[in-house]
Amino acid sequence: MTSVKELSKRKDIFCAGHRACSGCAPAITMRQVTLAADTNLVAGLSTGCMEVVSSIYPYTAWRSSFIHNAFENVAATISGVEAAYRVLKRKGKLSANYKFIAFGGDGGTYDIGLQSLSGAMERGHQMLYLCYDNQGYMNTGIQRSSSTPFGAATSTTPAGVKIPGKQQFQKDLTEIMVAHNLAYVAQASIGYYRDLNKKVEKALAAPGPSFINVLSCCHRGWRIDPADSLKYSKLGVDTCLWPLYEVEDGVYKLSMKPREKLPLEEWLKGQGRFNHLFKPENADMLKKFQEYVDKKWERLLWKCGEGKEKTKEAGK
Amino acid sequence: MSKLKGWKDIPIGAIVPHGGTAFDYETGSWRSFRPVHDRDKCIDCLDCWFCCPDNAILAEEGKFKGFDMMHCKGCGICAKVCPPKVGAITMKPESDFRE
């Protein structure tokens, strides 16, 4: 793992002057991920905040090669670029080495781009797909996505009297990617940036396609203070809603076990989109959400070969 | 009707001359809070440099060098990631710095 001091001597690939909101956590993700790649890079972006803010004509925030095609096909686009690169290499027309990273938001990954992602991963291209998950379609005005957590108020699932926020639990994309039998799959959070850095280095060195899912909070959508962007991304991990783990060739490994598992309220309170959950009439929703998180955490511990006794008890 | 121009005769449009042109774009005017750095307290861990969304913290030879006020949007993340025991960065209202 490269130290921060070493990284600071590198030149930023995702440069200053992009037009993300102040305190944007996905922008930090972009920067840190591209810094971890110490070779020539080809970045592909699906439509989303990071594509929009970094490529406003005539400006581009990318110092590497950059390709954007459409919302649903960033994985297919990058896999095509990678295939062309391999052909050029084989014919001896290109001598430099390149790495390929496809970036997508949760909308472009969980919902719209799922089929192209699945296809590219199945074909086994030497690429990394990195999803920055801010739990909603934040770019277009905070609509719900399949990654939006239970109970969250968005513009399409407002906290009303009859229906208080989103009624479904979030989709577990990392597990879907594990089922693709990839060389490397990991779940990370921008709150734990050293861990993210380590995982990106590992994923780029993996022999085959790799996938990383990064929780990057959107302070506009989550209704928090911009300066707390990293705090809430970190709390998501500490409450075990977003555990940090990696899967190498089907073997689960927990990257970090919180010293003390915090109750989910720690993460929910302070976020404007969950304000209504703290009303007395919604207490059962809070309980349901906590039970869901506990169950998933227990299951993950079991997969990682930890906490077997507890799972047995849960099985009874 | 005269013959239409071929694609080779039409001037090339939409050129971005090189990578990283966004660097010339000023985002510093968005700022309403300004980070102020205390050299005596700073331990040069560079966590602020690593976590700045706008690359507005300059580092040289592994040491904190200063802020890039042309790009700093004043989000205050640097002040939050600075270890609590160190507290080398504070946010001051931008109005304090204007005449």
Side-chain angles (χ1 to χ4, degrees), chain A residues 2-32 34-36 41 43 50 53-66 190-191 193-194 196-197 216-217 219 225-234, chain B residues 12-35 43-84 89-91 94:
Chain A
T2 322
S3 71
V4 175
K5 291 228 160 142
E6 279 305 309
L7 288 172
S8 76
K9 286 168 192 159
R10 292 184 187 167
K11 197 175 187 191
D12 276 304
I13 290 174
F14 188 72
C15 83
H18 61 79
R19 274 171 258 183
C21 311
S22 85
C24 175
I28 311 176
T29 312
M30 292 292 124
R31 216 190 127 212
Q32 295 191 353
T34 50
L35 269 172
L41 183 75
M50 286 304 107
V53 300
S54 69
S55 57
I56 300 171
Y57 179 75
Y59 298 106
T60 172
W62 292 88
R63 290 202 176 106
S64 66
S65 306
F66 170 82
I190 190 65
Y193 39 88
R194 283 176 215 274
L196 170 65
N197 194 262
S216 317
C217 109
H219 65 79
D225 192 52
D228 288 333
S229 284
L230 291 182
K231 182 185 151 193
Y232 279 94
S233 306
K234 207 171 172 174
Chain B
I12 302 167
I15 300 174
V16 179
H18 53 84
T21 47
F23 195 80
D24 302 332
Y25 188 81
E26 189 187 342
T27 52
S29 56
W30 302 10
R31 192 172 56 241
S32 52
F33 286 92
R34 181 182 285 212
I43 55 167
D44 292 306
C45 64
L46 294 184
D47 270 9
C48 53
W49 170 83
F50 201 43
C51 290
C52 178
D54 299 294
N55 318 10
I57 288 166
L58 308 169
E60 207 172 62
E61 300 293 318
K63 291 230 179 327
F64 181 98
K65 200 181 142 210
F67 295 105
D68 175 2
M69 286 302 173
M70 185 182 156
H71 294 115
C72 172
K73 293 170 189 162
C75 61
I77 284 183
C78 50
K80 289 263 177 170
V81 296
C82 193
I89 299 175
T90 43
M91 301 303 290
E94 191 66 19

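Each chain gets a letter, A, B and so on, in the order its sequence line appears, and its residues count up from 1.
Every residue two or more places apart in sequence or in another chain was checked for a side-chain hydrogen bond (donor to acceptor under 3.5 Å, both in side chains) with B:Ser32, and none qualifies. Every residue two or more places apart in sequence or in another chain was checked for a salt bridge (charged side-chain N to carboxylate O under 4.0 Å, His left out) with A:Asp225, and none qualifies.
For the set A:Glu6, A:Lys231, A:Gln32, the count of heavy-atom pairs under 4.5 angstrom toward chain B peaks at A:Gln32. If you tally non-hydrogen atom pairs under 4.5 Å between each of A:Ala61, A:Ser229, A:Ala227 and chain B, the highest count goes to A:Ala227. Ranking B:Glu26, B:Lys63, B:Arg31, B:His71 against chain A, the residue ahead of the rest is B:His71, based on heavy-atom pairs under 4.5 Å. Of the listed residues (A:Cys24, A:Ser3, A:Ala20, A:Pro226), the one with the most heavy-atom contacts under 4.5 Å to chain B is A:Ala20.
No donor-acceptor pair under 3.5 Å is formed between the side chain of A:Lys9 and the backbone N or O of B:Glu60. Judged by distance alone, with hydrogens and angles left aside, the side-chain atoms of A:His18 form a donor-acceptor pair with the main-chain N or O of B:Pro53 at under 3.5 Å. Not one N or O on the side chain of A:Ser8 forms a donor-acceptor pair closer than 3.5 Å with the backbone of B:Ala59. At distances below 3.5 Å, not a single donor-acceptor pair connects side-chain atoms of A:Arg31 with backbone N or O atoms of B:Asp54. Side chain of B:Asn55 to backbone of A:Phe14: a donor-acceptor contact under 3.5 angstrom is found.
Taken to the nearest 0.5 Å, the CH2 atom of B:Trp49 stands 11.5 Å off from the NZ atom of A:Lys5. If you take OG1 on A:Thr60 and OH on B:Tyr25, they are separated by 14.5 Å, rounding to the nearest 0.5 Å. Rounded to the nearest 0.5 Å, atoms CZ (A:Arg63) and NE2 (B:His18) are 9.5 Å apart. Note: B:Lys80 NZ to A:Leu230 CG = 10.5 Å, rounded to the nearest 0.5 Å. With rounding to the nearest 0.5 Å, the separation of CD1 in B:Ile77 from NE2 in A:His219 is 7.5 Å.
Between A:Ile28 and B:Phe50 the shortest side-chain heavy-atom distance does not fall below 4.5 Å.
With a threshold of 4.5 angstrom between heavy atoms, B:Ala79 does not approach chain A through any atom at all. Only the side chain of A:Leu35 comes within less than 4.5 Å of a heavy atom in chain B; its backbone stays farther off. Residue contact with chain A, scored on non-hydrogen atoms closer than 4.5 Å, involves the backbone of B:Cys45 exclusively. Of the atoms belonging to A:Tyr193, heavy atoms from both backbone and side chain fall under 4.5 Å from chain B.
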